[in-house]
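This report refers to the structure that appears directly beneath it.
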Amino acid sequence: MTTQQDYPVLWPVPTRWADNDHYGHVNNVTYYSYFDTAVNAWLMAATGTDIRELPAIGVVAQTSCQYLGSLSFPDQLRVGLRISRLGRSSITYDLAIFRVLDAGTAADTAGEDLELAATGTFVHVYVDNETRKSVEIPAIIRSAAAALVTDET
């Protein structure tokens, strides 16, 4: 069973009022937005740079999501990030969305009680910012990403 301990990073992502659909829960397509937000926000924080300004950018080549539980505004979420493949020009992220059931302190998210709501994958392929041709992963991205490669993946 997938747990929060399986992920070296648990990135906070809040739900928004507009995320709920007519049925009162977060619409399925929004889960992909949570994945995208967590991966790119983490990359910016981990590298200390605005990744949009790099000469090579990560474009999404593939995504998947398995829905395991329902979410609804105003749920607080943690998106688990780890890397299952760090290639020459692509990174495959293994992701999980957890709903916070019982928040710890702001400094201690390890004490939070979390419920698994979804798992998924997200593949970034790095391309030249101008030509859109495949290139090697920038060194600053590769260095940060290496910290998320785990034995569990």
Side-chain angles (χ1 to χ4, degrees), residues 1-52 54 57-126 137-153:
M1 176 162 158
T2 301
T3 69
Q4 65 202 63
Q5 288 77 25
D6 296 328
Y7 297 87
V9 170
L10 292 171
W11 196 263
V13 176
T15 58
R16 303 165 304 163
W17 176 261
D19 293 346
N20 281 4
D21 62 16
H22 181 75
Y23 303 109
H25 61 81
V26 170
N27 189 270
N28 61 310
V29 299
T30 307
Y31 288 62
Y32 290 98
S33 175
Y34 299 150
F35 290 158
D36 200 22
T37 297
V39 167
N40 287 297
W42 174 80
L43 279 171
M44 289 176 133
T47 63
T49 190
D50 185 340
I51 59 173
R52 298 170 296 185
L54 295 174
I57 57 170
V59 295
V60 176
Q62 180 179 342
T63 62
S64 70
C65 185
Q66 180 179 10
Y67 304 95
L68 303 167
S70 185
L71 300 172
S72 184
F73 176 82
D75 287 342
Q76 293 297 309
L77 310 175
R78 302 292 179 260
V79 178
L81 290 90
R82 65 184 182 192
I83 291 176
S84 61
R85 184 176 178 281
L86 182 56
R88 182 193 75 80
S89 63
S90 67
I91 300 173
T92 302
Y93 294 89
D94 283 336
L95 304 160
I97 298 175
F98 297 94
R99 184 170 63 91
V100 177
L101 298 174
D102 181 32
T105 66
D108 179 29
T109 58
E112 292 179 327
D113 187 15
L114 303 179
E115 177 180 68
L116 183 63
T119 59
T121 59
F122 194 86
V123 179
H124 263 163
V125 173
Y126 281 82
I137 298 166
I140 194 168
I141 300 288
R142 179 175 294 285
S143 178
L148 296 188
V149 177
T150 66
D151 290 338
E152 291 88 24
T153 56

> Nearest heavy-atom pair of V26 and F73: which atoms, and what distance?
Replying inline: CG2-N, 4.4 Å
>> Using modelled atom types and a 3.5 Å cut-off, is there a donor and acceptor pairing between side-chain atoms of Y67 and backbone atoms of N28?
In response: yes
> Taking atom CD of E115 and atom CG of L68, what is their separation to the nearest 0.5 Å?
Replying inline: 10.0 Å
>> Let me confirm one number: the CG-CZ distance from N40 to F122, rounded to the nearest 0.5 Å.
In response: 6.0 Å
>> Using every non-hydrogen atom in the two residues, find where G87 and I137 come nearest and quote the distance to one decimal.
In response: O-CD1, 3.2 Å
>> With side-chain contact (heavy atoms from CB on, under 4.5 Å) as the criterion, how do R78 and E112 come out once you've worked through the C-alpha distance, each side chain's angles and the decisive distance to 0.1 Å?
In response: CA-CA 10 Å; R78 302 292 179 260; E112 292 179 327; 2.6 Å; yes
>> Is there a side chain to side chain donor-acceptor pair (under 3.5 Å) between S84 and T92? Walk through the geometry before answering.
In response: CA-CA 6 Å; S84 61; T92 302; 4.8 Å; no
>> Contact between T3 and F98 at the side-chain level, heavy atoms closer than 4.5 Å - yes or no?
In response: no
> Of the non-hydrogen atoms in W11 and A45, which two are nearest, and what is the gap between them?
Replying inline: CH2-CB, 3.7 Å
> Just how far is it from atom CG of N20 to atom CG of N27, taken to the nearest 0.5 Å?
Replying inline: 9.5 Å
> Do D94 and T121 pass the side-chain contact (heavy atoms from CB on, under 4.5 Å) test, and can you show the C-alpha distance, the side-chain angles, and the key distance before you say yes or no?
Replying inline: CA-CA 5 Å; D94 283 336; T121 59; 3.6 Å; yes
>> Please give me the minimum heavy-atom distance between I57 and I51, naming the atom from each residue.
In response: CG2-O, 4.2 Å
> So, R82 side chain and D6 main chain: donor-acceptor pair closer than 3.5 Å or not?
Replying inline: yes
> After noting the C-alpha distance and the side-chain angles of L43 and H124, does the key distance pass the side-chain contact (heavy atoms from CB on, under 4.5 Å) rule?
Replying inline: CA-CA 12 Å; L43 279 171; H124 263 163; 4.2 Å; yes
>> Tell me the closest heavy-atom pair linking Y126 and P138, and the distance in Å.
In response: CD2-CD, 3.6 Å
>> Could you check whether any side-chain N or O of T37 sits under 3.5 Å from a backbone N or O of S33, counting only pairs where one atom can act as donor and the other as acceptor?
In response: yes
> Is there a donor-acceptor pair closer than 3.5 Å between any side-chain N or O of T47 and the backbone N or O of I141?
Replying inline: no
>> If I compare all heavy atoms of Y7 with all of L10, which pair ends up nearest, and what's the gap?
In response: CB-CD2, 4.3 Å
> Are side-chain heavy atoms of Y31 and L71 found at a separation under 4.5 Å?
Replying inline: yes
>> If I take atom OG1 from residue T63 and atom OH from residue Y93, how far apart are they, to the nearest 0.5 angstrom?
In response: 14.0 Å
> Between H25 and Y23, what is the ring plane arrangement, given parallel below 30°, perpendicular above 60°, and tilted in between?
Replying inline: parallel
>> Quick check on R88: does its CZ atom have over 12 non-hydrogen neighbours (other residues, nucleotides or ligands) under 6.0 Å away?
In response: yes
>> Quick check against the 3.5 Å criterion: does D19 have a side-chain atom that pairs as donor or acceptor with the backbone of R16?
In response: yes
>> Nearest 0.5 Å, please: how far is OG in S64 from OH in Y32?
In response: 6.0 Å
>> Using side-chain contact (heavy atoms from CB on, under 4.5 Å), reason through V79 and W42 one step at a time and then give a plain yes or no.
In response: CA-CA 10 Å; V79 178; W42 174 80; over 6 Å; no
